[in-house]
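Working notes, structure below.
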Amino acid sequence: DAGITQSPRYKITETGRQVTLMCHQTWSHSYMFWYRQDLGHGLRLIYYSAAADITDKGEVPDGYVVSRSKTENFPLTLESATRSQTSVYFCASSEDSGGLQETQYFGPGTRLLVL
Amino acid sequence: GQNIDQPTEMTATEGAIVQINCTYQTSGFNGLFWYQQHAGEAPTFLSYNVLDGLEEKGRFSSFLSRSKGYSYLLLKELQMKDSASYLCAVRDLPGGSYIPTFGRGTSLIVHP
């Protein structure tokens with residue numbers, strides 16, 4: 001199916017465990033983003049990627065690792081999950097149109113609970 | 001860096017008009033987006049402004065004043081399905097790439 005997908009949609013894990021959230025887009029968009037959304041904070045950028053093999057930190061990168069070996073995939077790994085990482089995680093993608101309008105398209109989200 | 005401010009919550013009556021404001025401070029402004037997010041769902045694109053003025057799209061309009069660091073989203077003929085969170089996002093240039101940063105969102109409740 002075309003679009004942007006995330007897996008898993010729901011995940012329960014324990015403190016200290018490693019967790020990887022997957023994101024896949026079929027548009028060949030250059031840019032991909034990971035946000036977390038918490039009550040009172042809105043959407044906060046964790047990491048973003050401008051192209052394959054290029055990643056940069058966002059506002060709240062601590063405790064997270066990303067990679068982008070292929071344009072269409074942008075996995076997010078929590079190396080040692082903490083309770084404060086309980087959140088809803090959204091992946092998004094956008095084209096690189098040279099600075100013009102670059103609407104972001106969001107995946108359905110992953111709801112992560114760390115016990 | 002930037003600071004984006006929106007009201008936390010607004011209520012309105014079905015059929016009425018509501019204006020949701022967004023103020024921002026940026027170092028390299030390059031566009032402002034409005035997104036709609038229904039509870040439990042992903043944000044979806046509503047509008048984009050990069051030049052001053054009003055952009056109209058059906059029942060929704062968005063206004064931008066770059067000199068004032070101000071935008072608003074205007075929703076006309078409100079319907080119950082317009083109950084959602086409305087997110088203002090500003091594109092800035094923190095390190096060579098234009099990256100959108102989101103405000104905390106405005107939760108709009110439409111009642112009969």
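Letters A, B, ... mirror the listed sequences (proteins, then strands); counts begin at 1.
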- Item | Criterion ring pair (Phe, Tyr, Trp, His ring centres under 6.0 Å) on B/Tyr48 and B/Phe33, from CA distance to verdict | CA-CA 5 Å; B/Tyr48 173 75; B/Phe33 296 84; 4.7 Å; yes

- Query: So, do A/Phe33 and A/Tyr47 have ring centers that fall under 6.0 Å from each other?
  - Reply: no

- Item | Interchain contact, A/Gln37 with chain B, by part (heavy-atom threshold 4.5 Å) | side chain

- Note on the structure: Bottom line for B/Gln6: the part with an atom under 4.5 Å from chain A's heavy atoms is neither

- Note on the structure: Whatever's closer than 4.5 Å to a heavy atom in chain B on A/Leu43 counts as both

- Exactly one candidate in B/Leu54, B/Thr23, B/Ile20 meets side-chain contact (heavy atoms from CB on, under 4.5 Å) with B/Tyr72; the answer is B/Leu54

- Pairing of B/Arg104 and B/Asp5 as salt bridge, 4.0 angstrom limit: no

- Once the angle between the rings of A/Tyr48 and A/Tyr31 is folded into 0 to 90°, is it parallel (under 30°), tilted (30 to 60°) or perpendicular (over 60°)? parallel

- Let me know if A/Arg44 has heavy atoms under 4.5 Å from chain B in its side chain, its backbone, both or neither. neither

- If you tally heavy-atom pairs under 4.5 Å between each of B/Gly40, B/Pro43, B/Gly31 and chain A, the highest tally belongs to B/Pro43

- Under 4.5 Å from a heavy atom of chain B, the part of A/Tyr105 involved: neither

